[in-house]
Amino acid sequence: MARRNKIYEGKAKIIYEGPESGTIVQYFKDDATAFNAQKKDVIEGKGVLNNRLCEYFMVGLNQIGVPTHFIKRLNMREQLCKSCEIVPLEVIVRNYAAGTMSKRLGLEEGTQLPRPIVEYCYKDDSLGDPLVSEEHIAAFGWASQQDMDDILSLALRVNDFLSGVMYGVGIKLIDFKIEIGRIYDGDYQRLIVADEISPDSCRLWDMETGQKLDKDVFRRDLGNLADAYTEVATRLGVMPKNSTPITKPTLIN
């Protein structure tokens, strides 16, 4: 197999040039990081679980008319995606207070918010991805007002979809973050959901017990991260019931 050209390596994924123009390949690593990579570990099978879960969510969004960069899963760790220009923002949708919002506003974790709240962070690891306002975004030209209207609409539609899917399997969607990409058709620009949607980028709590089924398990030393992600995958039907957590994945699709 021809050696791929690596475009970028992040904390949880490697991006390679795709086989055709306008495509990339996302490779999901087993690396787990928290607190802007101050805490690190390798969780065997995490990349496989995130790849399969990301496929599940992206396919679902595409089916209901929310455009994403996802084309198809290639194997247990890789997926083929459309190449796009990433808007330099993390778009965070919060349904319940948790994490930094609880600290900033003095809200007890798990407090239901009056309505979904959308926040924006400037994507820069060296700065700790600081929270920014729409005024910052407009002033520095990161996105136009039309872009922001479209981003808000996409974020809320993703929230409706994920909330419903999770509710159906007894999981409460506390919050999540997405990234938005720009693709061009001549002079015409379109915004799409890019990067990934997985338990790495969501807070997911069991509706009855409050058990955390997301990366907070790793952040707060609450147990085995692979077990938590496997539970999510099992409930969603991505993995069969009574299966054991994936440790050393095979190459079977």
Task: Same apolar cluster: L61 and V91, side chain cutoff 4.5 Å - done: yes
- [ ] Using a strict 4.0 Å threshold on nitrogen-to-oxygen distance, state whether R219 and D216 make a salt bridge.
- [x] yes
- [ ] For the pair C81 and T23, evaluate side-chain contact (heavy atoms from CB on, under 4.5 Å) and give the outcome as yes or no after the intermediate values.
- [x] CA-CA 6 Å; C81 301; T23 65; over 6 Å; no
Open item on the list: Looking at G99, is its backbone amide N or carbonyl O close enough to the side chain of E109 to form a donor-acceptor pair, meaning the two atoms are under 3.5 Å apart?
Closed with: yes
TODO: Give a yes or no on whether the backbone of T209 and the side-chain of D206 come within a donor-acceptor separation of less than 3.5 Å.
DONE: yes
Task: Nearest atoms (heavy-atom pairs only) where L225 meets A32 - done: CD2-CB, 4.3 Å
Open item on the list: Between S126 and D124, is there a side-chain donor-acceptor contact under 3.5 Å, judged purely by atom types and distance?
Closed with: yes
Task: Within-4.5 Å side-chain heavy-atom neighbours: P67 and R190 - done: yes
- [ ] Go through the side-chain N and O atoms of N51 and Q26 and say whether any donor and acceptor fall under 3.5 Å apart.
- [x] no
- [ ] Go through the side-chain N and O atoms of R73 and Q79 and say whether any donor and acceptor fall under 3.5 Å apart.
- [x] no
- [ ] Show the numbers, then the answer: is there a side-chain contact (heavy atoms from CB on, under 4.5 Å) between Q63 and V59?
- [x] CA-CA 6 Å; Q63 288 175 343; V59 167; 3.6 Å; yes
TODO: For the pair D200 and K46, find out whether any cationic side-chain nitrogen is under 4.0 Å from an anionic carboxylate oxygen.
DONE: yes
- [ ] Kindly give the heavy-atom pair with the smallest separation between C84 and G181, and that separation in Å.
- [x] SG-CA, 3.8 Å
- [ ] Flag this pair as yes if the NZ/CZ of K212 is under 6.0 angstrom from the six-membered ring centre of W205 and inside a 45 degree cone about the axis; otherwise no.
- [x] yes
TODO: Please work out whether the ring planes of Y16 and Y27 are parallel, tilted or perpendicular, with thresholds of 30° and 60°.
DONE: perpendicular
TODO: May I ask whether I183 and I197 are part of the same hydrophobic cluster, defined by side-chain heavy atoms of I, L, V, M, F, W, Y residues being less than 4.5 angstrom apart, directly or through others?
DONE: no
Open item on the list: Less than 3.5 Å apart, any donor N or O on the side chain of E196 or S198 sitting next to an acceptor on the other?
Closed with: yes
Open item on the list: Side chains of E78 and N75 only: does a donor on one sit below 3.5 Å from an acceptor on the other?
Closed with: yes
Task: Any L131 side-chain heavy atom under 4.5 Å of Y122 side chain - done: no
Task: L156 side chain reached by P116 side chain, heavy atoms, under 4.5 Å - done: yes
TODO: Nearest 0.5 Å please: distance from the NZ atom of K82 over to the NE2 atom of H69.
DONE: 10.0 Å
Task: Close side-chain approach of I180 to I86, heavy-atom, < 4.5 Å - done: no
Task: Side-chain donor/acceptor of K29 to backbone N/O of E9, under 3.5 Å - done: no
Open item on the list: With a 4.5 Å cut-off on side-chain heavy atoms, are I192 and E179 touching?
Closed with: no
Open item on the list: Nearest 0.5 angstrom please: M58 CE to L53 CG, how far?
Closed with: 12.0 Å
Open item on the list: Which residues pass the ring-ring contact (aromatic ring centres under 6.0 Å, His included) test with Y184, not counting sequence neighbours?
Closed with: none
Task: Sub-4.5 Å side-chain heavy-atom contact between L191 and I151 - done: yes
TODO: Spell out, as yes or no, whether a donor-acceptor pair under 3.5 Å connects the side chain of D31 to the backbone of V42.
DONE: no
Open item on the list: Return the OH to CG distance between Y229 and N50, rounded to the nearest 0.5 Å.
Closed with: 5.5 Å
Open item on the list: Checking the side chain of D147 only, and the main-chain atoms of S144 only, is there a donor and an acceptor separated by less than 3.5 Å?
Closed with: yes
Open item on the list: Let me confirm one number: the CG-CD distance from D150 to Q145, rounded to the nearest 0.5 Å.
Closed with: 10.0 Å
Open item on the list: Tell me whether Y120 shares a hydrophobic cluster with V158, the cluster being built from Ile, Leu, Val, Met, Phe, Trp, Tyr side chains joined at under 4.5 Å.
Closed with: yes
Task: Interatomic distance, E231 atom CD to L49 atom CG [nearest 0.5 angstrom] - done: 12.0 Å
TODO: Answer yes if the side chains of N159 and N95 hold a donor-acceptor pair under 3.5 Å, and no otherwise.
DONE: yes
Open item on the list: Please say yes or no: joined through hydrophobic side-chain contacts below 4.5 Å, possibly via intermediate residues, are F70 and Y56 part of one cluster?
Closed with: yes
Task: Sidechain-backbone polar pair: K39 side chain, F218 backbone, donor-acceptor under 3.5 Å - done: yes
Task: Test item: R77 side-chain N/O and F28 main-chain N/O as donor-acceptor pair under 3.5 Å - done: yes
- [ ] Check whether any side-chain heavy atom of M101 sits under 4.5 Å from a side-chain heavy atom of Y96, and report yes or no.
- [x] no
Task: Nearest heavy-atom neighbours spanning D175 and A98 - done: OD2-CB, 4.1 Å
- [ ] Report the distance from atom OG of S163 to atom CD1 of I171, rounding to the nearest 0.5 Å.
- [x] 12.0 Å
Open item on the list: Using a strict threshold of under 4.0 Å (side-chain N to carboxylate O), is an ion pair present between D214 and R203?
Closed with: no
Open item on the list: If we ignore hydrogens and angles and just use 3.5 Å, is the side chain of S102 paired with the main-chain N or O of L107 as donor and acceptor?
Closed with: yes
TODO: Assess the side chains of N5 and E17: does a donor N or O sit below 3.5 Å from an acceptor N or O?
DONE: yes
Open item on the list: When you measure from the side chain of R235 to the backbone of V169, do you find a donor-acceptor pair of N or O atoms at a distance under 3.5 Å?
Closed with: yes
Task: Validation row: R94, I174 side chains within 4.5 angstrom (heavy atoms) - done: no
- [ ] Show your reasoning for whether side-chain contact (heavy atoms from CB on, under 4.5 Å) applies to I137 and V132.
- [x] CA-CA 7 Å; I137 295 167; V132 294; 4.2 Å; yes
Task: In one Ile/Leu/Val/Met/Phe/Trp/Tyr side-chain cluster, 4.5 Å: I15, V87 - done: no
TODO: Give the C-alpha distance, both sets of side-chain angles, the deciding distance and a yes or no for side-chain contact (heavy atoms from CB on, under 4.5 Å) between V25 and R4.
DONE: CA-CA 9 Å; V25 172; R4 292 196 179 111; 4.0 Å; yes
Task: Pairing of K11 and D125 as salt bridge, 4.0 angstrom limit - done: yes
- [ ] Compute whether any side-chain donor of one residue and acceptor of the other, for D227 and T230, lie under 3.5 angstrom apart.
- [x] no
Task: Flag if over 12 foreign heavy atoms under 6.0 Å of CZ, R115 - done: no
